[in-house]
Colleague: 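I have a structure here, written as structure tokens, and I will follow up with some questions on it.
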Amino acid sequence: MTQALLDRYHRQNRRRAALVVVMAVMAALAVLLDLMTGPAGLPLGDTIAALTGGTDVPRGTAIIVWEVRLPVAALALLVGAALALAGAEMQTVLENPLAEPFTLGVSAAAALGAATAIVLGLTVPFLPAVWSVSANAFVFALGALGLLQLLGRLRGGGPEVLILFGIALSFAAASLLSLLQFIASPDALQQLVFWTMGSLAAAEWRSVGVLAVVLLVTAPFSLRAAWQLTALRMGADQARSFGVNVESLRRWTLLRVSLLSASAVSLVGVIGFVGLAGPHIARMLVGEDHRFFLPTSLLTGALIMSLASTLAKVVVPGVLLPIGLVTSLIGLPIFFSLIFRGGARR
Amino acid sequence: MSGLSVQDVNVRYGARRVIEGLSLPELHAGEVTVLAGPNAAGKSTLLRAIAQLAPYQGRIALGDEDLARLPANRRAKVVGFMPQTLPSASTLIVLESVIAALRAGGQLGIHDAESRVMAVLERLGIADLALERLEQLSGGQRQMVSLAQAIVRDPRLLLLDEPTSALDLARQVRLLAELRRLAAEGRVVIAVLHDLGLAARWADRIVVLEHGRLHASGAPEQVLTPAMLAQVYGVEARVERCSMGRLTVMIDAERA
């Protein structure tokens, strides 16, 4: 019986690994769709030819693909990946399925940072003006998570304490943001409102490069901690008794989460639900063995954001909707279905 | 054989003293010790302190090794802890949850881990649950999985917090018989039990706590007396031997 059960377990793991590959292929196809979609619709053949450097591609098409659409599509993909991976890790270390960068005030803090740059003109010194809003947002988001960890440690560091501080922080940042909106000039207010809706309109290769580096640096550490994070699903005490240094695991994981979410939000503005929906869908697909759960969350987030990027262009023809609005609109039905599914199970 | 020594242990939750200056006679390898006492006597707290899950002052050592000084991953090889229950909302399957108990602390490669985990699940009679999700198991089944997680690292000290609380009668007997076998293999086994009938039948030694202090310690027939039950639990009780000569505890009434 033992061998038969282990064979079934191995088959199950192969299916999960195949699902990871399928999600990666779907995310790649979603990017392709994103590249084809826009005011000038591009045929699939031309798009692929432009991507692969084909010689018979019209120059205009190559410019549209490489210089206009690919930075946007790549940034959407990476932001989705970063936020969903951050959400997945956050949910595990805070032992709460509702934890994500958005609910813990990271986005609100980033928005407050952006507002201080846009409204007050306070920026990080020695940085080019073009980066000032993102840099401020990054500093505030990272600062918020740092403050959260510090407060949590002073108070004993349990997940409940961190979540409560996160909610308080979120409200505090939102109130200060309202204050800045109140005193902002009409121009600054418009810029700020647009930023808080989340937008890929300002995507450029530099942003893509920054986020790609952050992901490449953090994701391997996430995967290395996969068994420890899996153990934490049995509760902090159990994980401790298995030999996991839970406090250190939480600290390092929240550092990764901080870098991922602060970078993503600072580059594109407030994006809701990806950090929540990505991990939930991944959990339904592959369960909670973090060797599969983390990559599937990452890819699900990438897929959602990529599809949202396409939808943002086609929902109202001729208008590019802020992508934060679209992800929230996709996220809401998923969220409600999860609530009702949970309710039915109880 | 190396036993467990508990010397002058104090545990506080905030300003409240839960365990005060508690020292126990050495608890030997090869024996099953039951921690007994009324609610809030400090049984689970003492167990958690021994498992290094609750902060304490004092010294808790297994043989010559002070458990507080061992790094977490080395301690995990020495100490196995079974909590009262596992989270019910996890989509992990039983097999991977027990593999995680083995691999999270960095022991063994994946293939060795899988075969060792299956051997433990078979030993406990729950191999058929290997591919079930934790959220689909009954409370009793989860408790057996929790035991598997505690023993899979082959610890020398095994700590169990009310291990039979969710088990049916047959599984209670199976678990307690298994504890005796685990002790006979040279382990120190300590379990918190509320059922003194089970304690009388299965324990080599009973340690009775009251208000965070040691009230009594010794073989069941020494410790389980009507006087102790009246004083510590506030009940009128008889302690008699059944037709098979086994010690039986019968509770008649709450003491007036």
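Per chain, numbering begins at 1; letters A, B, ... match sequence-line order.
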Colleague: Is B:Leu129 close to B:Leu121 at the side-chain level, that is, under 4.5 Å between some pair of heavy atoms?
Modeller: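 They are not in contact (no side-chain heavy atoms under 4.5 Å apart), so the answer is no.
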Colleague: Is it the side chain or the backbone of B:Glu96 that comes within 4.5 Å of chain A heavy atoms, both, or neither?
Modeller: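 For B:Glu96, heavy atoms of backbone and side chain both lie under 4.5 Å from chain A.
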Colleague: Checking heavy atoms, do the side chain of A:Gln228, its backbone, both or neither come under 4.5 Å from chain B?
Modeller: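 Answer is both: backbone and side chain atoms of A:Gln228 are under 4.5 Å from chain B.
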Colleague: Is A:Gln12 in contact with chain B via its backbone, its side chain, both, or neither, using a 4.5 Å heavy-atom distance?
Modeller: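 Answer is side chain: those atoms of A:Gln12 sit under 4.5 Å from chain B.
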Colleague: Based on non-hydrogen pairs under 4.5 Å, which of A:Val244, A:Asp289, A:Asn245 is most in contact with chain B?
Modeller: A:Asp289
Colleague: Which bit of B:Arg48 comes within less than 4.5 Å of chain A, counting heavy atoms only: side chain, backbone, both or neither?
Modeller: side chain
Colleague: Has B:Asp64 got more than 12 heavy atoms of other residues, nucleotides or ligands less than 6.0 Å from its CG?
Modeller: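 No, CG of B:Asp64 has 12 or fewer neighbouring heavy atoms, counting only those of other groups under 6.0 Å.
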Colleague: Hey, which of B:Ala72, B:Ala150, B:Gly80, B:Ser115 has the most heavy atom pairs under 4.5 Å with chain A?
Modeller: B:Ala72
Colleague: If you count heavy-atom pairs under 4.5 Å with chain B, which of A:Gln3, A:Glu95, A:His290, A:Arg233 comes out on top?
Modeller: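 Looking at each of A:Gln3, A:Glu95, A:His290, A:Arg233 in turn, A:Arg233 comes out on top.
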Colleague: Heavy-atom distances under 4.5 Å only: say whether B:Ala51 touches chain A with side chain, backbone, both or neither.
Modeller: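 When you check distances to chain A, no heavy atom of B:Ala51 falls under 4.5 Å.
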Colleague: side-chain hydrogen bond (donor to acceptor under 3.5 Å, both in side chains), that's the test. Do A:Gln238 and B:Gln149 meet it? Break it down for me.
Modeller: CA-CA 9 Å; A:Gln238 273 300 77; B:Gln149 292 174 353; 2.9 Å; yes
Colleague: Less than 4.5 Å apart, any side-chain heavy atom of B:Leu92 and any of B:Arg133?
Modeller: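 The answer is no, as the side chains (C-beta and beyond) never meet within the 4.5 Å cut-off.
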Colleague: What part of A:Leu5 gets within 4.5 angstrom of chain B, counting heavy atoms only: side chain, backbone, both, or neither?
Modeller: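 A:Leu5 touches chain B through backbone and side-chain heavy atoms alike.
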Colleague: Do the non-hydrogen side-chain atoms of A:Asn13 and A:Arg291 ever get within less than 4.5 Å of each other?
Modeller: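 Yes - at least one pair of side-chain heavy atoms lies under 4.5 Å apart.
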Colleague: Give a yes or no on whether a salt bridge exists between B:Asp154 and B:Arg187, defined as a side-chain N under 4.0 angstrom from a carboxylate O.
Modeller: yes
Colleague: With respect to chain B, which residue among A:Thr230, A:Asp237, A:Leu232, A:Leu6 yields the maximal number of heavy-atom pairs within a distance under 4.5 Å?
Modeller: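 The answer is A:Asp237.
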Colleague: Is any side-chain heavy atom of B:Val9 less than 4.5 Å from a side-chain heavy atom of B:Gln57?
Modeller: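 Not touching, per the 4.5 Å side-chain cut-off.
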Colleague: With rounding to the nearest 0.5 angstrom, report the CG to CD1 distance, B:Leu131 to B:Ile93.
Modeller: 5.0 Å
Colleague: Relative to chain A, which segment of B:Leu134 carries a heavy atom at a distance below 4.5 Å: side chain, backbone, both, or neither?
Modeller: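 Just its side chain gets close to chain A.
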Colleague: Looking only at heavy atoms and a cut-off of under 4.5 Å, which of A:Arg8, A:Arg283, A:Arg240 has the most pairs with chain B?
Modeller: A:Arg8
